[in-house]
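Data block below; observations after.
Computed from a predicted structure; not experimentally measured.
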Amino acid sequence: MLSRDEIDALFPADLPEVEYWEQHYPPRELADGAEVTRLGPSPTGFIHIGGIYAAMIDVDRSRRTDGVYVLRIEDTDRAREVEGAIEQFERAFAYFGVSPDEDDVRPGGYGPYAQSARERIYHSYARELMRRGRAYPCFATSEQLQEQTKVQQAQGVPSGYWGKWAMWRDASDDDVREQLAAGTPWVVRFRAPDDAIGSRARFVDEIRGPLEHDANRNDTVILKSSATSPRLPTYHFAHVVDDHLMRITLVIRGEEWISSVPVHLQLFEALELPQVRYAHIAPLMKQIPGGKRKLSKRKDPEASVDFYVGEGFPAPAMLHYLRGLANSRLADMPLERALAEPILLDECGVAGPLVDLAKLRDISGDHIATLTGEQIAAELRTWALRFDESLVAVLDDNRELLLQALAIERDGVDNPRKDLRTWSEFREVYGYFFDELFTPVDGPADERLAPIGLEPDAIRTFAEAFRAAYQPLADSAEWFDQLRAVAAEHGFAGSVKEFKQNRDQFVGSIREASQIVRVALTGSTRSPDLGQVAAVLGADRVLARLDAVVGSRTTA
RNA sequence: GCCCCGUUCGUCUAGUGGCCUAGGACGCUGGCCUUUCACGCCGGUAGCACGGGUUCGAAUCCCGUACGGGGUACCA
């Protein structure tokens, strides 16, 4: 082992001792039971919906216990960094109400909160480990390591840097000095405990209970190689140092980390630091032919938070859905209560759930149905500002019309319609109220009229007659009576039942007649009560749209 | 290869040895309500991965197998 002076010479002379950091980041003064949680995203592109899922649980645990939720940017892999990723995080977290209590824009005394800015801290601890003989420099090249892995695989022994394969673990001081003097690039490796091989690591996971794993035998890298600053730590080392110094109590992270817990435990022990507690959550999955897999950033648009925000799923609906995934107890509650109730770790599922957009849409529709027209107008506008610029102008120019349209079967009704599930659906579901967003049908043969199942001639005839007799009656029942009257005159049965009993005697039933008018006015076979729609539209629009069905032969 | 985590209706799940001829929700679907579209209401559909144990009794406990996910990186 190198002398203390030789080890210290590998680091800047003014590098603080670990005691300095311990005092600089003292234990937090929080009540008993307060949880300090953290999320450590890498700025490698868009934020994954799983990140929001984890953040939501972090926020819940910390707020419930009067603790703190910290956001730490894990940017130790500079090669994968993407420009603007941090701003994107900020926006996504704000949208879902899971902004951190502490990060670089809301410093809390435990920063900096980006790992790339914490280099000196890691170095202090790495040097300390080296002084204690618990870490050492390694000069192996990646070619050497790859070659060794091949040999290990051929021999059927576990691959890795351990036992006799750990070539620099017990190298002579002279060999080390020689490499250092020659300027060979080096990394710092942790010296796994000598008794690790063959022993087991045991720990308790807050979600899964007692877990057991082979103890780590690898001398894992803790400081990566780099000729110039920054010489960054690996995840394992950064996790231990940061989570200790930030005084994190509860680490909630993906289950892919379970296999790494043994090395983390060894690191805490070697540094003589108290352990954090762990909760490993199941990953969000996606259905694929023949099975399911983890939602992939690259392949699945619905893995991205942008997808949900862009589609216009309201944040409360998303949160309700995500909470239900975490604790199924919450899925069955009304939204407001589901958001207020705590997320319990021991109730979290252990198998990765599939993200079910049909279910999300259902929840979203339920939520929007509880909003007032004013609220919908406001939310919709906020969404459109970002994703549908041209819609904003239409909404602003027709505010009264918009509110009237939204009021149909919503205001003062026991069970509002659930026709709007996302903001992006607005154009499709309510667009026909606005001339700017509506394309009138193109004659009786327009394909939008096809689902009714009548001949174009019959459609034209009825539309023409209805148009001729049209009265803009305000009362919805009276309004519909005139439709019934015209329908009866033109051979439509008064009820579906009547029509079914004597098909040959009728052109269709009141249903078909109504649908002709519905498609004429709205372009769709689905819409709220026709009388109310017509009242909001106004007589001029109604007549013009009926004319459009009749077609060029009798343009009004 | 080795190690770890998992596996209840299509999906999310309840279920911790008898309350389970397995409950709820979404989806799909039949009907009712209705002058039209919906909403709502009532009903239906469909599941304990497989094989051995333990037990008077197992979805629940044990063992094995299969399948899925993850780890075995100077990625996180």
Looking at A:Y136 versus A:W168, is the centre-to-centre ring distance below 6.0 Å?
no
Closest to the A:D332 side chain, choosing from B:C37, B:C5, B:G24
B:G24
Testing B:U36, B:C37, B:U13 for proximity to the side chain of A:P353, the answer is B:U13
Remember a base hit wins even if backbone is also touched, and classify A:R189 as base, sugar-phosphate or nothing at under 4.0 Å, heavy atoms.
sugar-phosphate
Side-chain N or O of A:R253 versus OP1/OP2 of B:A76: is the shortest distance under 4.0 Å?
no
Phosphate OP1/OP2 of B:C74 contacted by A:S142 side-chain N/O (<4.0 Å):
no
Determine the contact category for A:L325: base if any of its heavy atoms lies under 4.0 Å from a base atom, sugar-phosphate if only primed atoms, P, OP1 or OP2 are that close, otherwise nothing.
sugar-phosphate
Between B:U7 (P) and A:E255 (CD): distance, integer Å
11 Å
Ignoring the backbone of A:T234, work out which of B:C74, B:U36, B:C3 is nearest its side chain.
B:C74
Ring centroid separation for A:Y278 and A:W257, is it under 6.0 angstrom?
no
Looking at B:G40, I'd like to know if its phosphate oxygens (OP1 or OP2) sit under 4.0 Å from a side-chain N or O belonging to A:K418.
yes
Just to be sure I understand the rule, does A:R511 reach a base, reach only the sugar-phosphate, or reach nothing, if contact means heavy atoms closer than 4.0 Å?
sugar-phosphate
Check whether any side-chain N or O of A:K224 sits under 4.0 Å from OP1 or OP2 of B:C75, and answer yes or no.
yes
With a non-hydrogen cut-off below 4.0 angstrom, is A:D419 in contact with a base, only sugar-phosphate, or nothing?
nothing
Indicate whether OP1 or OP2 belonging to B:A14 is found under 4.0 Å from a side-chain N or O atom of A:R329.
no
What contact category does A:P41 fall into here, base, sugar-phosphate, or nothing, at under 4.0 angstrom with non-hydrogen atoms?
nothing
When we call it a touch if two heavy atoms are under 4.0 Å apart, what does A:Q153 touch: a base, just sugar-phosphate, or nothing?
nothing
